[in-house]
Structure formats: structure tokens, C-alpha cells
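One is the number of the first residue; the rest follow in order along the sequence. Both counts, for ligands and for their atoms, begin at 1 and track the order of listing.
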Amino acid sequence: MCGIVGVISEEQNAGILAYKALKKLDYRGYDSWGIAISNGKGISIYRQVGKIGELPKKMHCGNLAVAHTRWATHGKVCQKNTHPHASLNKNIFLVHNGIVENFQELKSFLKSSGFSFRSDTDTEVIPNLIELYINRGKSLRDATRLALKKIKGSFAVILFAKGHNYMIAAKRDLPLVIGIAERKKFVASDLLAIAKKARGFLFLSDNEIAEIGNEAKFFDIGSGRPKFKRFEHLAVDNLESYKNGNKHYMIKEIKECPIAMKNACIQPIELLDNTTKEIRKAKKIFLIGCGTSYHAALFGAWLFRSIAKKDAVAVLAPDLKSYSKLLGKAALVVALSQSGETADVIDAVRLARRSGAKILSLTNVFNSTLTRHSHIKMMMNAGPEICVASTKNYAAQISLLYLLANACISRRNYAKKEIFIAAKQAQETIRENSRIARAISKKLANSKSAFVIGSEENAFVAFEGALKIKEVSYIHAEGLPAKELKHGTIALVEKGLPVIVICTKSDDFALHSAHEVKSRGAFVIGISTEKNNVFDFFIRVPRGPLSSLLTAIQLQLIAYYLAVERKNDPDKPRNLAKSVTVR
Ligand code: AGP
């Protein structure tokens, strides 16, 4: 969740370079930021609560720097808890992503060895443990290795130490990429941070530690043995994203749904054939994900059941363990994740791999941790998704799942044609319906609560629509299957309650529910293929096999305009981070 960066330079510009790289991670969601810079003579630290602001002029000089954006897990959001953290005697300066699960135990141990603490974070035990081992005569590298061996949980760390002209980077389960360029080297938790600066890249593997100075050397954390690794050239040109005249990334990315739908279909033929073969072969298919990706998994499982006639279920990634006895060689686990870094998904995939199940991952981030744990990897090709709330990646996920389900019954070309038709319709409906979506948002802006209902597959779209509304407008919203309403939730319906009804079929059951809530005073908004008198507001979407996806995009639009109407920043919703790398 946190963003971390390290820079070593032959010039005195490491601070500025680290600061600029950190700014590229601004989109991820964070609550505070900080930077430590060494110029060989002294070390300065700057830490701030809130968004990344200006870097003070006095911080501009230095050849070594580490920087951090924090998403609080241990200790409240305040300056003393902001990274970088220093060891007791200010020998080690460190930034950390991850959670030290046994930090209480390590803290007590360090306290009994004479250490005291300045913050409430779990992180602070790491620089202090390193200092302890240095005090006991170990080298910086060995002291870091020993400290990291004591840590339970996932981590990615970058540090430098007083009197040492190099940085150290190490990781377990969380990503770290190293980049080299003329007269400087970078380390970052996200390729995007350094993509434009470096010319050669290398992803650190789990339990590896790197010493990065004039050269970059690699070692195994456990044994200390050296490892040989090679820098590669990567195609990173498409990683950057700009608002292109749009006020927010969210609206820009909603407008990019049509192209994302089409690009999701551009898959290497051999990969598509191989994936189709695996889906056909599987006795049982588990589609897993979290948040929006879970909603796509629900839709995908429905497509696999209804089109491909496969035994497929969607499972929230952390719940896969309750199915562990049902996994095994005959099972296929389809892991969906925009970032490819969601800890709960990666844990579930590890568990599935141990059972012998095949793993197919659908991600949007090249070389993400999830892709490295998968037997088959497909890219969404949605392009960088900067807004914390996922929009175009969801459109790409549904499109690719639809293509795969159809490929299983030899209807690949038919599916592609339908996706291209739907993409064109999506483009038209985004343009035509923006005005009405804005009007609906004005009407709903002061609501305390809203419901989104749909029947069959549209229930999954309703879940996603409600999540989008919650994430960016902060209005409580609940998505539910239309038929479920009368089993309890209808008790909450009262005069003026907004209920968004999704209808995409001629005899759509959701219409009955629309009448039921209307007769109890609800304010009914229909996103539908047909106009109906029961609707107080109406958004039209064309009828077709992907109408449900078109309604999901309209819900994204409503959520966006609600956020704008309520003066929220839709790109960086409070308390949220783009990739959830903590458990
Ligand atoms: C989406 O709008 C959310 N920010 C969130 O639910 C997200 O979908 C979830 O955390 C999973 O992320 P992933 O797709 O990167 O794994």
C-alpha cells in the first residue's frame, strides 16, 4: 500500500530524483510522506502529513535518498509515524512497505537491549534491529539480513546507513524493482516511479537483498550467498498516464472503458488456445478476487456456467481456504487482480498452488507478483489505471471473461464481434448519458443511502455499482439481487430513498422490484434497455449480450458525478489505496 523509493547518484541530485519518483506514486492513496537524504557529510529528514508538497530547498543536495508514502496501519497518521524511520543512534535510515507481524515481540526484545522508540509504528523495529547487529560487529549487509530473518510477514525495505555510500534493498512477497541509468541507480515499489528514468530494470525476487552502490550486488537473505541477476530492457513507454484535459483520472478512465474492452480481446492466439484448453479441461473452476475484481469474478463465474457450461464459482480470495479440500490437480483457479499485488489474492493463489491446482491470472500490471505465481498469465491491456476506484479494468475483465467463456464453445469470433459492438455502444452511451448522470447526481447528492438492484447477472453489476458509489461519494450504498429485496431489506425503503434498478431483459424481474419499492415511496432510477413509467429517472442502454456491462459503466458515471457534486476527490478517496498489499 505504501510507496517506497531509493536513489543513489554520482551527483548531488538524489533527493530531487527520489522526490520526483515518489510523486509518480501519488495516485496510490496515502496519508503522509517523507524523505531522507545523505550528502556524505550529514543526513536530513523531511516528513509531512497529507499530500506530497514542495521539497524544501535545503533538501535538494545529496547523493543518497530514500522516500516513502505512508498508508497507516500501525500508529495514527502523524509526523512521528511517517517514514523514513531512523535507528536509535541515527545510523540507519529506512523506508518500509509491509507489516512486521511480530513487532510487539521484537520491540520488547529491543527494549530489553537498551533501545527506545520514537514512533508507534511496527517499522521502527527494523532499523533498530539492524543497529543492534551492527553494534555486535556485523557488516551492514549481514546486520540487515539477520534483522530481516527475524521479521514475520511481508516486507519491502530500502535503507542507507551513516558512513556507507550505498543503499540496501530487500523484499519478501512485496514488489521491488531496481533500475539503472547513467550515473545513478533507483529502487522502487512500483515500476511506474522509475520507468522514465532508468534504462535497465531488474525485479528483486523474494528473500533477496541487494547492495546498490557503484555496482549492484545480490544475495540470498537466508544464507547470505551471492546471486547472479541481470538487468533487462523493458517496454515501459505505455506506463505513464495523463488526464488529457479531463478534470479527474476517474472520468478519463471511464471514457477509456470502450478501448479497454477492445484491447482485452487482443491476446496472443497461442495463449488464448492454451487458456481455452485449460478451462475446458478443468473439473472445477474457482474465480477469485477482492473488491471490484471479486465482482468481476462473480460475473465471470456466471458466464462460465451459463455460456461454457462449466462448474464455476466465484470466491472471495481470502475465503478460498475453506475450499482447500476441493482444490487439487483437476481445479483451475482464475485469479483476477488489476494490480496483481493484492495480498489476499496472492495468499489464495499460493494455497491453490500447493494443492496442485492450475493458476490462470488476469492482471493489468506487467510483471506483478501475481503473474509470477501463475501458470498462465493474461494481461487485461487496459492501460494504466490511476484512479483508486477501478473502472476501465472492470470493463476489460468482463470483456475478457466473456471472450474466454465463448472460446470454450468455439464462439471466439462471435464474442469478439459482440465486444466490439458493445464498445461502440459504451462510447455512445457515455457521451449521451453524461448529462442525465449529472442530473441524477444532483438529485442524490444529499441522500444518506441508496440501493442498487438487479436480477441474475445484473445483481453482480449492482454490487459493483454500489461499491463505486460508496468509494467515491461516501454515500452508503447497497447492491443486491432484486429478488432478495422482499426477504428483508425492503423494510428500509421509505419515502425518497433512491433505488437504482438495472433492467436489461424484456421480462426483467428487477421491474417487479421497481414497482414494489416505488409503491413504498422510493425514488426509482432505471438503467434499462426499455423506458418504463415506474422510473422517475431513466438512462437508456442498448440491448445486447453485454448490456449488463454497459449498465455498469453508467453506474460508474453516476458515482463519479456524485463525488464531484459532493466536492470529493474521486481519484483519491479517503482511506483507500490503489493496491491493497496488507492482509
Ligand atoms: C476498486 O474500485 C477498489 N479500489 C478495490 O475494491 C479493488 O478492486 C480491490 O482492492 C482489488 O484490487 P485488485 O484488482 O488490484 O486486486
Side-chain angles (χ1 to χ4, degrees), residues 1 27-30 71 173-175 189-190 192 248-251 253-254 257 260 264 287-300 314-320 333-349 359 361-374 377-380 382-398 400-401 452 460-461 463-474 477 479 552-553 555-560 562-563 568-583:
M1 324 264 291
Y27 75 98
R28 295 174 68 101
Y30 60 94
W71 189 86
D173 295 343
L174 293 171
S189 50
D190 189 328
L192 181 68
H248 298 103
Y249 279 109
M250 184 170 179
I251 187 67
E253 289 165 5
I254 294 172
C257 283
L287 291 96
I288 62 166
C290 297
T292 293
S293 290
Y294 170 62
H295 297 153
L298 284 165
F299 202 131
V315 181
L316 266 172
D319 293 343
L320 193 70
V333 171
V334 184
L336 289 105
S337 174
Q338 188 285 132
S339 60
E341 300 296 346
T342 302
D344 289 334
V345 176
I346 291 159
D347 285 351
V349 159
I359 315 293
S361 62
L362 311 187
T363 67
N364 194 37
V365 178
F366 170 76
N367 219 330
S368 56
T369 305
L370 179 57
T371 59
R372 294 197 293 277
H373 284 80
S374 313
K377 13 188 163 225
M378 293 187 104
M379 296 298 298
M380 303 314 314
E385 195 180 63
I386 302 296
C387 176
V388 166
S390 188
T391 53
K392 62 175 174 171
N393 184 68
Y394 174 81
Q397 285 172 325
I398 302 299
L400 182 54
L401 290 163
V452 188
F460 313 134
V461 173
F463 299 160
E464 175 55 13
L467 179 67
K468 248 4 24 126
I469 292 172
K470 280 185 278 204
E471 281 186 294
V472 298
S473 77
Y474 314 146
I553 298 171
L555 283 160
Q556 295 173 354
L557 271 181
I558 294 175
Y560 169 73
L562 265 175
N568 300 342
D569 179 353
D571 289 344
K572 295 189 202 98
R574 68 183 180 206
N575 304 336
L576 299 185
K578 184 66 183 161
S579 53
V580 183
T581 56
V582 293
R583 295 191 169 84

Specify side chain, backbone, both or neither for Glu341, according to which of its non-hydrogen atoms lie closer than 4.0 Å to ligand 1.
neither

Does some non-hydrogen atom of Val580 fall short of 4.0 Å from ligand 1?
yes

Establish, from distance only, whether the side-chain atoms of Tyr294 and Asp344 form a donor-acceptor pair under 3.5 Å.
no

Using distance alone, determine whether Ser293 and ligand 1 share an N or O pair under 3.5 Å.
yes

From atom 5 (C) of ligand 1, work out which of Met380, Glu471, Glu464 has a heavy atom at the shortest distance.
Glu471

Heavy-atom proximity to atom 13 (P) of ligand 1, picking from Ile346, Leu362, Thr342, Asp344, points to Thr342

Proximal candidate to atom 11 (C) of ligand 1 [heavy atom criterion; set Cys290, Gly291, Ala389]
Cys290

Side chains of Glu464 and Thr292: donor-acceptor distance under 3.5 Å anywhere?
yes

Would you say the side chains of Thr369 and Glu341 form a donor-acceptor pair under 3.5 Å?
yes

Taken to the nearest 0.5 Å, the spacing of Ile386 CD1 from Glu253 CD works out to 6.5 Å

Looking at OG of Ser390 and CD of Gln397, how far apart are the two atoms once the value is rounded to the nearest 0.5 Å?
6.0 Å

Using distance alone, decide if ligand 1 has a nitrogen or oxygen within less than 3.5 Å of any nitrogen or oxygen in Gln338.
yes

I'd like to know whether ligand 1 has Val345 as a neighbour, heavy-atom separation below 4.0 Å.
no

Rounded to the nearest 0.5 angstrom, the CG-SG distance for Leu316 and Cys290 is 6.5 Å

